[in-house]
Amino acid sequence: MTMTRDDVRRRLQARNDAIAAGRVVPPPYVGSDFALNNADRPPENLRPAAVLVPLVDHATGLTVLLTQRTADMPSHAGQIAFPGGRRQIEDPDLIATALRETEEEIGVGRDHVDVIGSLDNYVTGTGFLITPVVGFVAPPFELKPDPREVADIFEVPLDFFLDPANHHVHSRTWQGRERRYYAMPYGERYVWGATAGMLKNLWRILSDTPE
C-alpha cells in the first residue's frame, strides 16, 4: 500500500478529530507488549513517555526514520526504536517530549518536524505509557546522534511497514515462558516489540480496512 503525505495526514487527522469530538473509534490494534500474551498483565503506575514517528518526506516517497539503541542502555539495549523517552517536568505536553527527545537523540530540531497527530498509546513491559507522535520531517537535515544512546540511524520505506506480508508474530523463551511479539524484519534490521506494535497501529489506521 503506497501512501502519499496527503493520504497520511488526512487519515490520521480524521481519527484524531473523531477522538477529540467524542466519537467511538476502533481500539488500538496493539495496545501493549502484552497483547499476544493473555496470561500477562501490564505493570501498574505507568510512567508517561512519548516517541516521534518520523516520516521523512523524500521526493521519491515517505520513509520511516528509526534508531538503533546502544548496547549499554539501561532498557531496550541494542533494540531498534523511535526517538523518544520519558516526559520531563519542563515538558508542557507529550508532543514537546517527543520533539525534545528527538533533538537530543538524533539532532533533528523541532523546526524540521511538522506534527500531524498521535497514534494510540502503547504500554511497554518496562512500565511506560508511550504516546507515539507522528510528524513529517523535511529534508535536508543534519543528523547528530547522541553516542550515549544511539548506535545507528537509518530509514525504511513506509510502504514496507504498510504491507501486511511483512508483519510477523515471533516468539522466544523468557523467564521460562514462551513470549510472543510482533516483528517486522527489514534485511538485517530486526524491528520488533514495541516499535513493531506501534507500526502495526499506524498500518491499521492508514489502511482503514479490516485485516
Discussion item. Looking only at side-chain N and O atoms, does Tyr190 offer a donor or acceptor that is under 3.5 Å from a partner on His170?
Written reply: yes
Worksheet item: How about Thr124 and Asp33: does a side-chain donor come under 3.5 Å of a side-chain acceptor?
Response: no
Worksheet item: Which of these passes side-chain contact (heavy atoms from CB on, under 4.5 Å) with Val108: Leu143, Leu99, Leu52, Ile153?
Response: Leu143
Item to complete: Working to the nearest 0.5 Å, report the span between CG of Asp163 and CG of Leu158.
Response: 11.0 Å
Worksheet item: With no hydrogens and no angle check, is any side-chain donor or acceptor of Arg204 less than 3.5 Å from a backbone partner on Pro26?
Response: no
Worksheet item: Is it true that Trp192 and Phe34 fall in one hydrophobic cluster, defined by side-chain heavy atoms closer than 4.5 Å?
Response: no
Worksheet item: Do Leu162 and Met3 come close enough that some side-chain heavy atom pair is under 4.5 Å?
Response: yes
Worksheet entry | Sidechain-backbone polar pair: Arg87 side chain, Pro92 backbone, donor-acceptor under 3.5 Å | yes
Discussion item. Is it the case that the ring center of His167 lies less than 6.0 angstrom away from the ring center of Phe160?
Written reply: no
Worksheet entry | ILVMFWY cluster, Tyr181 and Ile130 together (side-chain gap under 4.5 Å) | no
Item to complete: Heavy atoms only: give me the nearest Phe161-Trp203 pair and the separation to one decimal.
Response: O-CB, 4.1 Å
Item to complete: Supply the atom-to-atom distance Thr67 OG1 to Asp146 CG, rounded to the nearest 0.5 angstrom.
Response: 11.0 Å
Discussion item. Show, in sequence, the C-alpha distance, side-chain angles and deciding distance for Val113 and Phe141, and conclude whether the side chain to side chain contact (heavy atoms under 4.5 Å, CB included) test is met.
Written reply: CA-CA 10 Å; Val113 182; Phe141 52 87; over 6 Å; no
Worksheet item: Hey, any chance Met184 and Tyr186 share a hydrophobic cluster, counting ILVMFWY side chains that come within less than 4.5 Å of each other, even indirectly?
Response: yes
Worksheet entry | Reported CD-to-NE2 distance for the pair Glu142 and His112, which is rounded to 0.5 angstrom | 9.0 Å
Discussion item. How long is the straight-line distance from CZ of Arg5 back to CG of Asp57, given to the nearest 0.5 Å?
Written reply: 4.5 Å
Worksheet item: Can you find a heavy atom in the side chain of Val133 that is under 4.5 Å from one in the side chain of Val53?
Response: no
Fill in: Phe136 reachable from Val51 in the ILVMFWY side-chain graph, under 4.5 Å edges
yes
Worksheet entry | Lys/Arg N to Asp/Glu carboxylate O, Arg9 vs Asp114, below 4.0 Å | yes
Item to complete: Evaluate the side chain to side chain contact (heavy atoms under 4.5 Å, CB included) criterion for residues Asp120 and Ile205: first the C-alpha distance (whole Å), next the side-chain angles of each, then the deciding distance (0.1 Å), finally the verdict.
Response: CA-CA 10 Å; Asp120 298 288; Ile205 292 170; 4.1 Å; yes
Practice prompt. Check the pair Leu46 / Val123 against side chain to side chain contact (heavy atoms under 4.5 Å, CB included), numbers first and verdict last.
Written response: CA-CA 8 Å; Leu46 297 171; Val123 176; 3.8 Å; yes
Worksheet entry | Straight-line distance of Leu199 CG to Asn166 CG, nearest 0.5 Å | 11.5 Å
Worksheet entry | Arg172 vs Arg180 side-chain heavy atoms within contact, under 4.5 Å | no
Worksheet item: Should Ile19 and Val134 be counted in the same cluster of Ile, Leu, Val, Met, Phe, Trp and Tyr side chains packed under 4.5 Å apart?
Response: no
Discussion item. Walk me through whether Leu206 and Asp7 qualify under side chain to side chain contact (heavy atoms under 4.5 Å, CB included).
Written reply: CA-CA 8 Å; Leu206 297 184; Asp7 292 332; over 6 Å; no
Response to the item:
Of all heavy-atom pairs linking Gly193 and Tyr122, the shortest is O-OH, 4.0 Å
Discussion item. Looking at every non-hydrogen atom in both residues, tell me the closest pair between Arg179 and Asn37 and how far apart they are.
Written reply: CA-OD1, 3.4 Å
Item to complete: Specify the closest pair of heavy atoms between Ser118 and Leu12, including all atoms of both residues, with the distance to one decimal.
Response: O-CD1, 3.6 Å
Item to complete: Compute both the distance and the angle, then confirm whether Arg189 meets the cation-pi test with Phe154: under 6.0 Å from the six-membered ring centre, within 45 degrees of the axis.
Response: yes
Worksheet item: How many angstroms lie between atom CD of Glu104 and atom CZ of Arg148, to the nearest 0.5 angstrom?
Response: 8.5 Å
Discussion item. Testing the basics here: between His58 and Pro139, what is the closest heavy-atom pair and its distance to 0.1 Å?
Written reply: ND1-CG, 4.1 Å
Practice prompt. Answer whether the closest heavy-atom distance between the side chains of Val137 and Leu65 falls below 4.5 Å.
Written response: no
Fill in: Heavy-atom pair with the smallest gap, counting every atom of Val191 and Thr195
CG1-CG2, 3.8 Å
Discussion item. Salt bridge or not between Asp91 and Arg86? Use side-chain N to carboxylate O under 4.0 Å.
Written reply: no
Discussion item. Ignoring hydrogens and geometry beyond distance, is a side-chain donor-acceptor pair present between Ser171 and Glu178 at under 3.5 Å?
Written reply: yes
